[in-house]
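Reviewing the structure listed below.
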Amino acid sequence: MASKKYDLVITGGRVIDPALGFGRDADVFIKNGAVSRIAAAGKSTAVLKSFDDDQIVDAAGKMVAPGLIDMHVHLREPGREDEETVISGCRAAAAGGFTSICCMPNTSPVIDNQETVKFVQDRAQHADARVYVIGAATKLIEGKELAEIGDLVKVGAVAITDDGHYVQNPELMRRALEYARMFNIPVMQHAEDQYLCSGAIMNESYQSARLGMKGAPPVAEEIAVLRDIALCRVANSRLHILHVTTKGAVDAIRQAKREGVNVTCEATPHHLVLTDDEISKEFNTSLRVNPPLRSVRDREAVIEGLVDGTIDCIASDHAPHSMEEKDCEFDQAPPGMIGLETTLGLIKTFIIDKGYLSWADVIRKMTINPARILNLPGGTLQEGSTADITIIDPDKKWTVKAKDFRSLSKNSPFIGWKLSGRVHKTLLGGRIVFER
Amino acid sequence: MSRLSSRHLLGLEGAPRQDIESILDTAVTFREVIERRIKKVPTLRGITVLNLFYEPSTRTRISFELAEKRLSADTVNFSASTSSVKKGESLRDTVQNIEAMKIDMTVVRHGSSGAPYFLTQCMDTNIINAGDGCHEHPTQALLDMFTIRRKYGKLDGLRVVLIGDVKHSRVIRSNIWGLKTMGASVALCGPSTLMPYEVEQFGCDVYTNLDEALDGADVVNVMRIQAERQQAGLFPSRREFSALFGVNRERLKRLNKNYTIMHPGPINRGVELASDVADGKSSVILDQVTNGQAVRMAVLYLLSDREERETE
């Protein structure tokens with residue numbers, strides 16, 4: 001005798017939905033791929049009797065959250081399908097607890113036209129996660145002319161960015177902000193002044209002095225952020241700063257928010273966990289990222305920004321690279337590391353367990369906050385919303401292993417690390433797309 | 001003579017004093033060998049050394065090659081400009097292919113900081129760093145220290161000034177680590193634009209005024225200033241560099257008696273160093289070159305797996 005009223009119930013878990021201000025033990029009932037009802041634990045004993053075993057997801061001792069959203073992911077399709085495809089990236093996302101991911105436009109060809117947006121959307125149709133496309137801000141992300149942003153938005157682009165490159169020309173950036181305002185989408189900026197960072201391999205610090213590597217100075221991020229805040233104020237638009245890494249940038253954004261500028265930002269797990277001290281140990285090319293890993297002082301400032309709310313979101317900047325490209329001299333390696341499958345464990349281990357944030361704070365920065373910035377559906381378990389749900393085993397101890405990655409690329413500096421907190425099950429529209 | 005604590009020589013940062021002393025002491029013996037009419041010993045007979053040069057080099061390369069030959073090693077030379085690197089072969093593939101021809105030791109010069117470390121992950125041979133990016137050039141610093149010690153009988157307590165492009169100089173970095181470990185007092189001097197960020201953390205006295213830097217120093221080691229740094233906007237002209245940082249006879253008055261002038265070469269005469277100073281009686285620039293032979297022989301000898309070979 002199966003329940004007819006509901007398709008599935010997640011029972012016995014602690015349900016956390018920051019958007020609803022909800023955080024207690026409860027049962028989540030799902031019907032037709034949507035959240036139908038959330039009932040306090042123990043209230044539904046009779047109803048549960050009508051469920052078949054395969055309709056019940058036992059979440060005892062687990063945490064039940066809205067499906068996590070990663071607003072900064074590089075899927076390498078089209079162009080580098082050896083490194084990641086839409087399908088493999090979404091498998092990795094599901095394993096990392098993400099039900100929605102936003103993909104960056106620096107593919108080959110660049111996502112600066114409707115056809116390429118549609119191509120990615122088409123590839124994602126039967127994938128294990130929802131994919132929202134972020135379009136290019138300028139044609140070919142060359143920083144010369146605006147892309148056809150209206151066209152991109154028409155087919156579903158949720159934001160624009162030249163990520164990987166700073167829009168160096170302030171006139172062009174001003175126009176991008178003004179133009180984007182018509183569509184109520186944010187301009188996402190990779191904030192590193194290219195003149196100050198020319199040829200940089202790592203952060204400029206005592207570490208770069210020791211190693212004799214060209215450094216990207218933290219001030220390159222700070223002035224880029226300050227400039228764009230000023231332009232955003234003039235354009236009365238929306239600015240999102242990607243991967244904030246420096247004290248100067250965090251301070252600038254904090255101040256701008258106080259003044260009412262519509263600026264948001266994100267931090268990555270690797271900038272929250274690692275510093276440039278790591279590089280000299282083994283010259284591990286997985287540690288080569290842009291913006292670079294910073295000093296302890298900057299890392300602490302980013303954590304502080306995360307704690308006081310200056311930093312709205314946690315995003316992975318998942319950047320797959322092939323073994324061949326990363327198996328080389330440090331300065332020859334392309335920048336980037338994968339992150340979809342380690343983000344949650346790193347944040348639990350190094351942010352929650354260290355007492356910086358609660359689970360509710362973290363889930364907020366990985367669900368409703370990115371959803372609001374990008375106008376995405378989801379990010380909440382409100383009744384009637386799509387049943388994208390992440391079930392977390394909050395204290396599960398595990399070791400990061402290269403062979404366990406579902407991503408096609410293995411460029412992670414966290415291989416071998418022992419983490420606490422892992423995804424137990426991921427549901428997409430009420431369907432289990434990942435379980436451990 | 002004791003073996004070194006590592007089977008590679010990647011740099012002098014963190015190198016134990018004991019290792020540096022072993023190398024300098026061993027070099028004394030080889031310094032005597034190269035003065036003989038027959039400048040050759042059978043020490044490394046049967047050992048094959050690869051000289052892997054990814055950057056142009058004249059004196060370091062010749063110095064290593066002669067050191068190897070005078071130890072009776074077989075040598076093979078690789079230069080990136082004339083090899084399959086041009087065909088896009090990776091560093092790992094390149095060295096693994098050469099190693100498959102049975103190489104025992106590798107001397108590497110490469111433009112990337114950390115490339116010698118990377119080679120330790122690719123090959124089973126001993127790796128000797130002959131200069132990696134702007135990171136380290138340990139044998140140059142060892143020969144500089146050998147030259148100083150040969151003249152003064154010690155390094156401890158001497159005041160050494162390193163002048164020039166501190167930011168980009170691997171010779172300066174290796175000298176800093178080696179000299180400090182050996183108890184010398186180290187001063188750095190150069191334009192502020194050619195000082196690395198947080199240079200104070202090296203634990204040296206830092207000067208942008210040459211006269212102050214030279215005051216009371218025993219040894220002046222002048223580095224080559226490269227024209228490309230001017231093009232990159234790091235200093236305005238050779239003329240102005242020379243006026244502010246050029247070492248000339250007038251400025252030497254501030255040095256201690258019995259001072260020493262050094263330069264790792266090649267010299268821009270009249271820019272960082274006046275010709276009469278470079279060729280003067282206090283200059284040991286050519287001794288450095290000769291001593292480089294002995295020091296490199298010592299390094300090759302101490303790192304070679306000769307004991308294992310002898311028992312085979």
Side-chain angles (χ1 to χ4, degrees), chain A residues 193-222 246 248 275-288 292-298 321-335 413 415, chain B residues 10-14 54-55 80 85 88-96 108 110-122 129 131-137 165-174 176-177 188 194-204 206 228-229 232-234:
Chain A
D193 185 276
Q194 289 180 19
Y195 291 102
L196 285 166
C197 294
S198 153
I201 305 300
M202 61 181 291
N203 182 40
E204 184 178 81
S205 67
Y206 174 59
Q207 294 302 321
S208 64
R210 268 180 73 205
L211 297 174
M213 291 193 201
K214 180 95 195 276
V219 71
E221 179 174 287
E222 183 180 347
T246 60
T275 63
D276 57 6
D277 297 354
E278 299 289 321
I279 292 168
S280 66
K281 291 178 186 165
E282 293 186 322
F283 296 92
N284 181 346
T285 55
S286 289
L287 297 169
R288 172 134 200 243
L293 301 176
R294 302 290 187 184
S295 63
V296 175
R297 173 178 169 273
D298 281 321
H321 286 293
S322 70
M323 196 86 92
E324 293 76 19
E325 281 188 340
K326 281 285 197 180
D327 184 28
C328 62
E329 303 89 319
F330 190 84
D331 58 1
Q332 303 296 309
I415 291 165
Chain B
L10 304 181
L12 295 188
E13 185 181 4
Y54 272 76
E55 268 189 347
V85 170
E89 192 175 32
S90 73
L91 179 55
R92 180 186 291 276
D93 280 344
T94 301
V95 298
Q96 287 183 343
V108 59
H110 197 291
S112 298
S113 295
Y117 178 87
F118 179 70
L119 288 191
T120 66
Q121 308 299 299
C122 303
N129 182 2
D132 63 327
C134 304
H135 181 215
E136 287 234 33
H137 191 353
D165 182 355
V166 178
K167 182 179 254 176
H168 299 99
S169 176
R170 54 193 173 205
V171 176
I172 287 183
R173 280 178 182 71
S174 290
I176 290 171
W177 305 126
L188 306 174
L194 291 175
M195 289 290 174
Y197 193 69
E198 297 187 353
V199 63
E200 320 74 48
Q201 288 201 45
F202 281 113
C204 305
V206 180
E228 66 194 75
R229 308 299 173 216
L234 294 171

Residue pair B/Thr94, B/Glu89: steps toward the side-chain hydrogen bond (donor to acceptor under 3.5 Å, both in side chains) verdict: CA-CA 6 Å; B/Thr94 301; B/Glu89 192 175 32; 3.3 Å; yes
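In this structure, the portion of A/Gln332 lying under 4.5 Å from any heavy atom of chain B is its side chain and not its backbone. For a residue to count as touching a neighbouring chain, one of its non-hydrogen atoms must lie under 4.5 Å from one of that chain's; by this rule B/Arg170 does not touch chain A.
In this structure, the separation between NE2 on B/His110 and CD on A/Glu329 is 3.5 Å, given to the nearest 0.5 Å.
Looking at every heavy atom in both residues, A/Thr246 comes nearest to A/Glu222 through OG1-N, 4.4 Å.
Across B/His135, B/Glu198, B/Glu13, a single residue satisfies side-chain hydrogen bond (donor to acceptor under 3.5 Å, both in side chains) together with A/Arg210, and that is B/Glu13.
Top candidate by heavy-atom pairs under 4.5 Å with chain B, chosen from A/Asp331, A/Thr285, A/Ile201, is A/Asp331.
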